[in-house]
2 protein chains.
Amino acid sequence: MHHTLQLYLNKMINNNKIVEYIRRSVSLTDEEAETFSVAFKEVKIKKRQFIVQPNFVVKNRNYVLDGAFRAYVVDDNGQDSTIAFAIEDWWITDYNSYILQKPATMFVVALEDSIILEISYEKEQALKNENHKFETFFRIRAERTAAFMQQRIISNLTQSAEERYQDFISKYPQIVQRVPQYALASYLGMTTEFLSRIRNKKANKNS
Amino acid sequence: MHHTLQLYLNKMINNNKIVEYIRRSVSLTDEEAETFSVAFKEVKIKKRQFIVQPNFVVKNRNYVLDGAFRAYVVDDNGQDSTIAFAIEDWWITDYNSYILQKPATMFVVALEDSIILEISYEKEQALKNENHKFETFFRIRAERTAAFMQQRIISNLTQSAEERYQDFISKYPQIVQRVPQYALASYLGMTTEFLSRIRNKKANKNS
DNA sequence: CAAATTTCCTAAACTAGATCATTTTTAACC
DNA sequence: GGTTAAAAATGATCTAGTTTAGGAAATTTG
């Protein structure tokens, strides 16, 4: 098949993904769907490439079409803590930096070769201003994000390291397979050594 | 002054509070402000009274006019963890229950005699549907809530118990004064005994 | 204002999880 | 494909924070 045509078809398919996504929350006419999808730009990201770095104001909100990402902060002692993961059909950015348009405190890095759809802050603002439905969509997104984060806070406060791990593998088995152990450990608030122990204690029991 | 008139005037003043609040995020005509404020109902809550209890679907989002509240969960071992505090000009509810209209997992209790403005889920939906500006307001609320929660997650992952405490007193000195120590300890993810030790270690240093 | 209840303090024993140091395994890359 | 680097495992030691238990203050309520 002709190369340019292939690219064009890929783009159509990918934009359908984001249209499908928004239509799970709000119903759109075909025209509205088009307006929404053209606000996004498809970008290829290589493994280990950063899409967010501290001290820069984050310009984009990113929807993952393919691949995996990790958002993390590095504290004064050089230890890093994973704030979020994202795989296909998830969103990722430094949320605080993006919504308040202030300098980022996080890194966001690709864990695999990936493809994202990015929307700029300005385009998102324009979408929200021009159509009530888009405003509704982003409101629902923010609410779900808050609900998700609240669950994580509760988990941190009430569960032991092992319980948090068990909980995570039962909720997100696809993610566990794809992220390095040290990243998962620092997401769950424990050292990689301790997570290794939890895992091997289990493995020995099973054998 | 005539009693009913006094009540009426109080109501006007209190509704001005919520109008002032929303106007910090979106600009409203006087008519819109009126529509917004009449969606709320003023309710007096006695100290130790619950406004949210587990297993019931939460009907209201609550704005605190006066007083103080605490939201918490109780785990299988009977230990409770504080999820949120709210004083004047803050909002409180079981967010997961409210936005997804599913049974609550939290208690929300008054720490003092309080006055709240409550809005029902249905009225909030109606406001958001009828006017783009109200949708924007609730979108901004949700975003700020998510941003706040993200900060708390980062604090839990990166800081020691003492650092979390120091951070909290510098950010929310007004709250520290008004909530019992065990509630603050369980918010910060430590025991009340350990918080007591942190406090007294400091006190001794200062003397 | 006195009794009852709740909150807070102190201190010793204990443990979940961290840190440190070394080895083994896996993955990256010329 | 062989070398080098990064990630994971393992063991020994340590510590921040918990648990348990008691008593002292402070609040609530009759």
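Chain naming here is simple, since letters A, B, ... match the order of the sequence lines and numbering starts at 1 in each.
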**Item:** Check: A:D94 side chain, A:T105 main-chain N or O, donor-acceptor pair, under 3.5 Å
**Value:**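 Side chain of A:D94 to backbone of A:T105, a donor-acceptor pair under 3.5 Å: yes, one is there.
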Over how many whole Å does the gap from [X] atom [atom1] to [N] atom [atom2] extend?
X	N	atom1	atom2	value
B:R197	D:dT18	CZ	C1'	9 Å
B:M190	C:dG17	CE	P	16 Å
A:K201	D:dT10	NZ	C1'	15 Å
A:R199	D:dA7	CZ	C1'	12 Å
A:Y165	D:dA8	OH	P	12 Å
B:F194	C:dT10	CZ	P	14 Å
B:D113	D:dT27	CG	P	16 Å
B:Q159	D:dG17	CD	C1'	16 Å

Go through [options] for me and flag the one nearest to the [X] side chain.
X	options	result
A:T191	D:dA7, C:dG17, C:dT19	C:dT19
A:E193	C:dC8, C:dA21, C:dA18	C:dA21
A:Q181	C:dC8, C:dG17, D:dA8	D:dA8
B:K47	D:dT27, D:dA8, C:dT19	D:dT27
B:N200	C:dG17, C:dT10, C:dA18	C:dT10

**Prompt:** Between the base of D:dT28 and the side chain of B:R48, is there a donor-acceptor distance below 3.5 Å?
**Reply:**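 There is none.
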**Asked** Does B:R197 make a cation-pi contact with B:F194, if we ask for NZ or CZ under 6.0 Å from the ring centre and within 45° of the axis?
**Response**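 Checked: cation-pi criterion not met.
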**Message:** Both B:V179 and A:Q79 contact DNA chain C. Which one's nearest nucleotide lies toward the 5' end?
**Reply:**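 Per heavy-atom nearest nucleotide, the more 5' residue is B:V179.
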**Message:** Counting neighbours of CZ on B:F56 that are heavy atoms of other residues, nucleotides or ligands and sit closer than 6.0 Å, is the number greater than 12?
**Reply:**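 At most 12 heavy atoms, drawn from other residues, nucleotides or ligands, come within 6.0 Å of this atom.
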**Asked** Salt bridge or not for A:E135 and B:R139, using N-O below 4.0 Å?
**Response**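 Answer for the salt bridge query: yes.
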**Prompt:** With a 4.0 Å cut-off on heavy atoms, is B:Y182 in touch with a base, just the backbone sugar-phosphate, or nothing at all?
**Reply:**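 Sugar-phosphate, no base atom in range.
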**Message:** Does B:T192 reach a base, just sugar-phosphate, or nothing at all? Heavy atoms under 4.0 Å.
**Reply:**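 The residue B:T192 makes no contact with any strand.
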**Prompt:** Do B:F69 and B:S114 touch side chain to side chain, with heavy atoms closer than 4.5 Å?
**Reply:**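 Side chain of B:F69 against side chain of B:S114, heavy atoms only: contact under 4.5 Å found.
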